[in-house]
Amino acid sequence: MAIFKGRSFILFPNNEVSSINIFENLIKNNGGKIIEYEHDITNASPDINYGYSHIIGLVNDSYLTLNNNKYEIYENNLLLNEMDLNKRKLWEFVKKNNITLVNISSVSFWLKVKKILINQDNIITITKDPGLHLEEISTSDSCNQSTSECETDIGDIINELVKCNSGSSKNLNSNLNNADNVGEVSSSGTLHGLKNEVIPQYNNEIEEDNKSISASSLARNTNGNELLIKTLDKLSKIHTIRGDEFRSRGYKLAKISVSKYPHKIKSAKEAQEKIPHIGASIAKKIETLLKTGKLPGLEIASKLESRKEYFSSCYGIGPVTAENWDSLQINSLNEALKRFPKIFQHDWSILFGWKYYEDWNKKIPRSECVKHMQIIKEELKLLDDSIECEIQGSFRRNRALCGDIDILFYKKECDDISDLYVVLEMLAIKLYKKKYIKCFLQLSKNINLVFDNEIQTTLQKAGISNNEFRSISLTNRPKLFLGAKLSTTIPEFDTSLYTINPEIDVKLHSEDKYMSSSVQANSVSHALEEYPCRRIDFFICKWSEIGASKLHYTGSGEFNREVRKIAISKGMKLTQHGLYQNDILLESFNEKRIFDLLDIPFIEPPDRQELKF
DNA sequence: CATCTT
DNA sequence: AAGATG
């Protein structure tokens, strides 16, 4: 199908060869043209009526920020530093002629819906960078310190990783044998967001990919340092995934500098002396890289990284368990289940994390959040008209896509949590019986009554015996964690609005698929697009604590931590229950007043991503 | 104590 | 950061 016929595309930036190449091929295979050089444009004269409207600029998602629902790109951001001269010229052209810019993963979405859709959800505006400039970082003293610190540390980390994984050559071999599995995960990881950044595997596959890259793109980087550049890029990405932005940036800067260096690097000494951002530690790596052609531990490190990622992307599995399974060379949930059935029997909610693994790793469009809210509100109205509810979390922060749906319930002038919980439990059970709610993640006496069966069948499916001592909370809680799914029979269901999904899905290993809900769904019908199961949290708060509660549940988590730090620095304590000083409540009802007492200006929810004072 | 929630 | 849950 040639849905891109008559269209031309410019891809930005151009250094991320392995991921961009996928999109280049998708475009070419569907009748589109790729513009590589300025003369590609000047040769093709603009359309008399529509000018350059046949040209679309595509930007790699990792260079974008989401601001008030809209994608933005910062002019001075890494993007410019990632581009070579040809691409910079094209970038100037795009700016001058107001060429439409969209995020690159729209391409896969367009192929899915079989048409090109450009709207508020994927269009990008260019803005001035309010943050740090690369130049500032690289020339300031403080940064030089942090980069050199970074280098010694990463060396240690890699060494440790090698140590704990190459104790025997057997281990190394089993790692290599499992390359296929792990590769499957990382190659299908999403391009959007740090957590799921693709780590290209450093193996023959990549080499083959390079052969198929068009001659023009090959011509770009031929200073003979491709291996170094690729390795530095990989080191940078590993640290991004670990959440270590500083180290990641150290390697990224080194990578960019090496890319710009016009000669083939002959020795580590040469690199350290002549190229900026290369200190003793990176030089050492360059040395081994030049000598042996590879960096011991790197492949292992990235594989470990993606395996850990794979496990902890499952609800109920945290960093400790993921680390444990990782070090035991466990490659799949199924393997873990066979070795530790007790864990799954006790923490049965992991089985639902597994069942909905792929669904729960998908983002939810705002429009869908609203539909969930309608269903819940309608049912609540029948039970108790006086209880109100609002979506908090990323939805209140105005994100276009939300990770889950956080709903806060409260009742005017009511401070009795138990009272509210009773209604909420009834609400949840009714919605479960209506098959809107698919699963509960904790049990109360009443929830167990309706849900126990489902847990038992799920345990059976996993091949483990029932746990007679399943723990059931007897107290009335302030929260309920759920999985819920919109039915396709909802009248106003509209597939074209439903998913602007800028992600390549996080996928289960093939041997883990048998527990997944999507397996059954897919086998029933391919034509019928089903909604994914979504994570929904019900939270209850006292009327007197509604301000503190909203502040807490609106987040972001990072923002909360920063505000709470400020509270501490002023001798106060901030929780979801209120702002305290010496255990005396200062304020909990009025959200704005909490900001006042902390002496910070009120920050609107959309700006509560992170705080930088 | 690990995991989850923001 | 702080709290709830099993």
Side-chain angles (χ1 to χ4, degrees), chain A residues 308 311-325 340 342-354 356 360 390-397 399 402-409 417-418 421 424-425 439-445 447-448 451 455 467 469-483 534-542 545-581 583 585 588 591 594 598 600 603 605 608-611:
Chain A
K308 240 157 89 180
F311 290 133
S312 46
S313 300
C314 178
Y315 178 95
I317 297 168
V320 176
T321 311
E323 175 76 60
N324 286 162
W325 291 353
F340 306 107
K342 286 259 160 68
I343 293 180
F344 291 83
Q345 190 186 53
H346 180 257
D347 296 334
W348 53 269
S349 63
I350 297 175
L351 290 175
F352 289 90
W354 183 353
Y356 297 115
W360 290 351
E390 266 171 48
I391 312 184
Q392 309 291 313
S394 43
F395 185 91
R396 184 162 179 242
R397 295 200 312 277
R399 302 297 96 184
C402 307
D404 63 0
I405 307 175
D406 311 295
I407 307 175
L408 184 64
F409 295 82
I417 297 287
S418 290
Y421 178 78
L424 233 57
E425 193 185 73
C439 70
F440 297 87
L441 294 165
Q442 330 96 309
L443 297 178
S444 67
K445 192 169 143 268
I447 289 171
N448 187 52
F451 192 56
I455 297 175
N467 183 3
F469 310 107
R470 204 173 297 135
S471 83
I472 293 164
S473 160
L474 296 171
T475 55
N476 289 335
R477 279 180 293 251
K479 54 179 61 161
L480 263 176
F481 296 164
L482 312 159
R534 306 301 197 181
R535 278 283 291 104
I536 304 207
D537 297 328
F538 285 2
F539 300 111
I540 300 167
C541 79
K542 292 182 181 178
E545 294 178 353
I546 193 160
S549 228
K550 281 191 182 184
L551 181 55
H552 171 80
Y553 288 116
T554 300
S556 67
E558 213 185 319
F559 175 84
N560 286 357
R561 260 179 278 134
E562 283 176 277
V563 178
R564 285 165 192 213
K565 257 189 229 162
I566 293 170
I568 290 173
S569 75
K570 304 201 164 152
M572 296 182 254
K573 181 179 77 165
L574 179 63
T575 78
Q576 61 264 57
H577 301 296
L579 180 66
Y580 299 84
Q581 189 155 43
D583 284 338
L585 178 66
S588 63
E591 195 178 11
I594 294 174
L598 288 168
I600 7 181
I603 296 163
R608 298 189 196 167
Q609 286 302 89
E610 76 248 340
L611 208 58

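Lettering follows sequence order; numbering is per chain, from 1. Computed from heavy atoms alone, side chains included, the values below leave out hydrogens, waters and symmetry copies.
The outermost nucleotides of DNA chain C lying under 4.0 Å from heavy atoms of chain A, listed 5' to 3', are C:dA1 to C:dG6. Along DNA chain B, read 5' to 3', the first and last nucleotides having any atom under 4.0 Å from a heavy atom of chain A are B:dA2 to B:dT6.
Side-chain atoms of A:Asp347 never come within 3.5 Å of backbone atoms of A:Ser349 as a donor-acceptor pair (strictly under, hydrogens ignored). Without hydrogens or angle criteria, A:Arg535 side chain to A:Leu482 main chain gives a donor-acceptor distance under 3.5 Å.
Within the nucleic acid shown, A:Ser349 has no heavy atom closer than 4.0 Å to any nucleic acid atom. In this structure, A:Asp537 reaches the sugar-phosphate backbone alone: every heavy-atom distance under 4.0 Å involves primed, P, OP1 or OP2 atoms, never a base. Using a 4.0 Å heavy-atom cutoff across all strands shown, A:Leu551 reaches no nucleic acid atom at all. Looking at heavy-atom distances under 4.0 Å, A:Arg535 makes contact with sugar-phosphate atoms alone, never a base. Counting non-hydrogen atoms under 4.0 angstrom, A:His577 reaches the backbone sugars and phosphates but no base. Among the protein residues, A:Leu574 comes within range of the sugar-phosphate backbone only, with heavy atoms under 4.0 Å from sugar or phosphate atoms but none that close to a base. Among the protein residues, A:Phe481 comes within range of the sugar-phosphate backbone only, with heavy atoms under 4.0 Å from sugar or phosphate atoms but none that close to a base. Residue contacts for A:Asp347: at a heavy-atom cut-off of 4.0 Å it reaches no nucleic acid atom on any strand shown.
Checked against the 6.0 Å centroid threshold, A:Tyr315 and A:Tyr356 do not count as a close aromatic pair. No close placement of the A:Phe481 and A:Phe352 rings is indicated, their centers lying 6.0 Å or farther apart.
Partners of A:Ser444 under the side-chain hydrogen bond (donor to acceptor under 3.5 Å, both in side chains) rule, at least two apart in sequence or in another chain, are A:Glu425. Contacts of A:Asn476 classified as side-chain contact (heavy atoms from CB on, under 4.5 Å), with partners at least two apart in sequence or in another chain: A:Ser418, A:Tyr421, A:Val422. Applying the side-chain contact (heavy atoms from CB on, under 4.5 Å) test to A:Gln609 and every residue at least two apart in sequence or in another chain returns A:Arg397, A:Arg399. Scanning for side-chain hydrogen bond (donor to acceptor under 3.5 Å, both in side chains) contacts around A:Tyr580 gives an empty result, with sequence neighbours left out.
Between A:Gln392 and A:Thr554, the side chains place a donor N or O and an acceptor N or O closer than 3.5 Å (distance only, hydrogens not considered).
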